[in-house]
Asks: 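Let me give you the structure first, and then I'll get to my questions.
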Amino acid sequence: MNLEGLEMVAVLVVLGLFVKVLEQFGLFEPVSLEDSVEDEFELSTVCHRPEGLEQLQEQTKFTRKELQVLYRGFKNECPSGIVSEENFKQIYSQFFPQGDSSTYATFLFNAFDTNHDGSVSFEDFVAGLSVILRGTVDDRLNWAFNLYDLNKDGCITKEEMLDIMKSIYDMMGKYTYPALREEAPREHVENFFQKMDRNKDGVVTIEEFIESCQKDENIMKSMQLFDNVI
Amino acid sequence: MAAGVAAWLPFARAAAIGWMPVANCPMPLAPADKNKRQDELIVLNVSGRRFQTWRTTLERYPDTLLGSTEKEFFFNEDTKEYFFDRDPEVFRCVLNFYRTGKLHYPRYECISAYDDELAFYGILPEIIGDCCYEEYKDRKRENAERLMDDNDSENNQESMPSLSFRQTMWRAFENPHTSTMALVFYYVTGFFIAVSVITNVVETVPCGTVPGSKELPCGERYSVAFFCLDTACVMIFTVEYLLRLFAAPSRYRFIRSVMSIIDVVAIMPYYIGLVMTDNEDVSGAFVTLRVFRVFRIFKFSRHSQGLRILGYTLKSCASELGFLLFSLTMAIIIFATVMFYAEKGSSASKFTSIPASFWYTIVTMTTLGYGDMVPKTIAGKIFGSICSLSGVLVIALPVPVIVSNFSRIYHQNQRADKRRAQKKARLARIRVAKTGSSNAYLHSKRNGLLNEALELTGTPEEEHMGKTTSLIESQHHHLLHCLEKTTNHEFIDEQMFEQNCMESSMQNYPSTRSPSLSSHPGLTTTCCSRRSKKTTHLPSSNLPATRLRSMQELSTLHIQGSEQPSLTTSRSSLNLKADDGLRPNCKTSQITTAIISIPTPPALTPEGESRPPPASPGPNTNIPSIASNVVKVSAL
């Protein structure tokens, strides 16, 4: 039989249909490239439970009632018991409707997530809050330093500080008075380094930081603000 | 800020520690928490079902009832809980809103009940969550349509008195059930439409042969008769169109409406045919015009609701129909091309070009299969079979959408009809309830005031005959009684009022001798034409005619029953005199004495001869007060 071009196409089409019909009957198992069915079950069953109330009471400086209130709020927003970075960013952005708080929220997340496992559990959350709200001034300054030190190497470089500063300025958004200039974060960082960097080596270590902050009256006073948050 | 994250505000404030060391200026003072009390549970008792929640949960939304101090109004001191006498089912949703920040709308709940509850709790329905918002909006729209329907039909009924001739005509055209004339017009036009369509059809039927020529259609054989029929129909249609045009409230809108375009298209060919001569060149166009005569059949859509629904459905499914058309066109082009090239090789193939293959494709896809074009090659046959299979699928897909649209519109119409039918029953129920309450009042008035009158005369045994009524009822009746005393008129029921009207209008005829009537034409003429609360001056007080006396007998009989209240409602001294005259009569309940006694105070009659009226409002007020002894005001 002499098959011409179009007839060849027709025959191929018929063969294709035949294969499909066989598939339907289950006589022909094609190779499936993904196993997607089992994956979906994993994430939904993760549910983290915090340690007991007594343990948390020992570890943090909150009273039992305070822990209860904190946990209730925490669980309401994150029923699975852990906060992912996306969730964290989303919660934090609700407080800053005008600007973009996602970068700063990321830095915060990294600061709260002490064991760097990509999620903040209730223990992490409460531990961080305990330091900020119930800790000594030195503890608080320590925590702030930890926040600024993005790569956790013990010193803050100008680039790290610039990132932090830009993220803080981002939270302001576009509509400010006076209007935000491009150089404002950089100038602010220069100011900061001038104040903090004692030995002018371009980085701020933890001792320099705490020392400079203790000398600054404004900073000391602002640290007192956190006493009455809860 | 969503309230759900209000619990995270302390965290956000704590996170501000990152700003402190970099800040250049001092921070502002923190707000002091004045009443820093521990979070407490509060109990909300809603119709017996107790809900408990933290106080701070409710305070998340301070501009609602539960979040503000407004709930203190509902605080029950004895049980130390907040009591709300409302639906506990809906309250569940409301409280969940405080807890989760999302307001849901339960499907089983009635939309207006839900709206009422939300309004009570001060929650705007706009914050219903996305999951339930669509359902809520749909139900709300349906409800609004229903209310609008009701209002429309109510308005139609109520606007009777003030319609001009033009408006009545328009109403008659739109709604043929309003009057017999409209109904007649409706049927006549329907008949003529049918006649016109049938003549169009019969015109073309071969009607027997005239010897010597070939078979003629009836139209040419009896051309005069058909022409006369056509003329008659067109005249009727023209007249109808002009009348509608005249009566339309907005002529411009009417001209643009579909029905009027159909009307014009139906009658235009005739006029154009009249104007045109029997020229060979234009006779082709003339034949085309005759085709348009068939559009007269669409005039039936005014007469048939089903046709209208079908038209409306097609209009509303325009997008689905468009999609159907588009996909069919695509498929036709593809398959026609393939078939053309497949059949190109075979000899004496009918597939001479791609447009020629269109015909084959359409016939195959719609599974018609005329068989005038068939593929002969193997490839052609394979592709032809694929074409027919796909045709079935492509056509079957949009059809259910159109069908469901039609079903929805049809059911909507049926619902509207059902509502209209039930409307009469509903209005009757409302009317019965109203008359029931007014009758209750009148009944208790008679009994109650009977008691009062008896008290005045001091017969205690008969006091117990009064019917016991609830406290609310008695307070309501007392209120109505106070109104009566204020205006010095009385409530009577509709039947008595109408009888009084009838009597007064009958007594109007020999009215020349009763100047009282003539001097107050306004009062009497308005008696029956408007059911307003105006008094009528029943001229029973001064008519000497014997015929009228018998009328008086009737009227006094009626008056007898409700006469007693007037004994205590009289204000002026003049009336007291009448009362004195009447009182013994009522007690003795004798008719004849009543007749004589009623005209006792001739001085009171406003005949104006013996006594000039003190002031123009004077007699008017006196007359009503006199009349209050005799005739009562219309019903509630």
Side-chain angles (χ1 to χ4, degrees), chain A residues 3-4 6-11 13-14 17 65 69-70 72-74 76-77 91-92 94-97 104-105 107-108 111-112 125 128-129 131-133 140-141 143-145 147-148 161 164-165 168 188-189 191-192 196 209 212-213 216-219 221-230, chain B residues 1-34 36-40 53-54 56-57 60 98-101 337-346 375 377-386 389:
Chain A
L3 289 177
E4 295 175 15
L6 214 57
E7 286 178 354
M8 180 78 72
V9 171
V11 168
V13 164
V14 168
L17 288 175
K65 267 208 178 319
V69 170
L70 279 172
R72 280 203 292 265
F74 184 85
N76 223 358
E77 198 60 27
I91 293 171
Y92 200 66
Q94 307 230 13
F95 296 103
F96 299 98
Y104 189 68
F107 297 145
L108 274 179
F112 270 95
F125 181 70
L129 280 186
V131 168
I132 301 175
L133 301 178
R140 290 177 185 167
L141 289 173
W143 202 92
F145 184 85
L147 172 71
Y148 297 146
M161 205 56 226
I164 300 263
M165 200 62 74
I168 295 179
H188 205 141
V189 169
N191 208 339
F192 178 79
M196 300 281 164
F209 182 72
S212 320
C213 287
D216 190 330
E217 212 180 276
N218 277 339
I219 296 180
K221 239 193 332 203
S222 63
M223 287 291 144
Q224 312 298 330
L225 274 178
F226 297 100
D227 290 335
N228 292 326
V229 168
I230 286 191
Chain B
M1 193 183 75
V5 293
W8 284 63
L9 187 58
F11 156 71
R13 295 180 71 195
I17 196 171
W19 314 337
M20 301 299 147
V22 299
N24 290 331
C25 335
M27 291 288 137
L29 290 172
D33 195 355
K34 283 183 282 273
K36 188 185 171 75
R37 49 166 192 253
Q38 290 290 351
D39 203 1
E40 44 174 318
T53 183
W54 298 107
T56 46
T57 310
R60 285 185 194 156
Y98 285 90
R99 292 181 183 136
T100 62
T337 314
V338 169
M339 289 308 294
F340 171 69
Y341 284 112
E343 286 289 304
K344 204 161 173 201
S346 83
T377 60
I378 297 177
K381 287 187 179 160
I382 291 174
F383 287 118
S385 44
I386 298 174
L389 287 174

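Chain identifiers are assigned alphabetically (A, B, ...) following the order of the sequence lines, protein sequences preceding nucleic acid strands; residue numbering begins at 1 within each chain.
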Asks: Working to the nearest 0.5 Å, report the span between CZ of B/Phe11 and CG of A/Leu70.
Replies: 11.5 Å
Asks: Let me know if A/Phe145 has heavy atoms under 4.5 Å from chain B in its side chain, its backbone, both or neither.
Replies: neither
Asks: Quick one: what part of A/Phe96 sits under 4.5 Å from any heavy atom of chain B, side chain, backbone, both or neither?
Replies: side chain
Asks: Provide the closest heavy-atom pair for A/His188 versus B/Val22 in the form atom of the first, atom of the second, distance.
Replies: NE2-O, 2.6 Å
Asks: Please walk me through it: do B/Ile386 and A/Val13 pass side chain to side chain contact (heavy atoms under 4.5 Å, CB included)?
Replies: CA-CA 10 Å; B/Ile386 298 174; A/Val13 164; 3.6 Å; yes
Asks: Does any backbone or side-chain atom of B/Phe383 lie under 4.5 Å from a heavy atom of chain A? Answer side chain, backbone, both or neither.
Replies: side chain
Asks: Which pair of non-hydrogen atoms, one from A/Leu147 and one from B/Gly18, has the smallest distance, and what is that distance?
Replies: CD2-CA, 3.5 Å
Asks: Go through the steps for B/Met20 and A/Met223 under the test side chain to side chain contact (heavy atoms under 4.5 Å, CB included), then give the verdict.
Replies: CA-CA 7 Å; B/Met20 301 299 147; A/Met223 287 291 144; 3.7 Å; yes
Asks: Looking at A/Phe209, A/Tyr92, A/Phe107, which makes the most heavy-atom pairs under 4.5 Å with chain B?
Replies: A/Tyr92
Asks: Considering only heavy atoms, which portion of B/Ile17 lies under 4.5 Å from any heavy atom of chain A: side chain, backbone, both, or neither?
Replies: both
Asks: Would you name the heavy atoms of B/Ala14 and A/Phe226 that are closest together and state the gap between them?
Replies: O-CE2, 3.7 Å
Asks: Ignoring hydrogens, what is the shortest heavy-atom contact between A/Phe95 and B/Ala12? Give both atom names and the distance.
Replies: CD1-CB, 3.8 Å
Asks: Please rank A/Met161, A/Met196, A/Lys221, A/Arg140 by heavy-atom pairs under 4.5 Å with chain B and give me the top one.
Replies: A/Arg140
Asks: Side chain, backbone, both or neither: which part of A/Asn191 has a heavy atom under 4.5 Å from chain B?
Replies: side chain
Asks: Rounded to the nearest 0.5 Å, how far apart are CG of B/Leu9 and CD1 of A/Ile91?
Replies: 12.5 Å
Asks: Just how far is it from atom CG of B/Leu29 to atom CD of A/Gln224, taken to the nearest 0.5 Å?
Replies: 12.0 Å
Asks: What are the two closest non-hydrogen atoms of B/Pro21 and A/Phe192, and how far apart are they?
Replies: O-CE1, 3.8 Å
Asks: At a 4.5 Å cut-off on heavy atoms, which part of B/Ala342 comes close to chain A: side chain, backbone, both, or neither?
Replies: both
Asks: Tell me which of these, A/Ile132, A/Asp216, A/Ile164, A/Ile219, has more heavy-atom pairs under 4.5 Å with chain B than the rest.
Replies: A/Ile132
Asks: Closest approach of B/Ile382 and A/Val14, non-hydrogen atoms and distance?
Replies: CG2-CG2, 3.7 Å
Asks: On the 0 to 90° scale, with breaks at 30° and 60°, tag the A/Phe125-B/Trp8 ring pair as parallel, tilted or perpendicular.
Replies: tilted
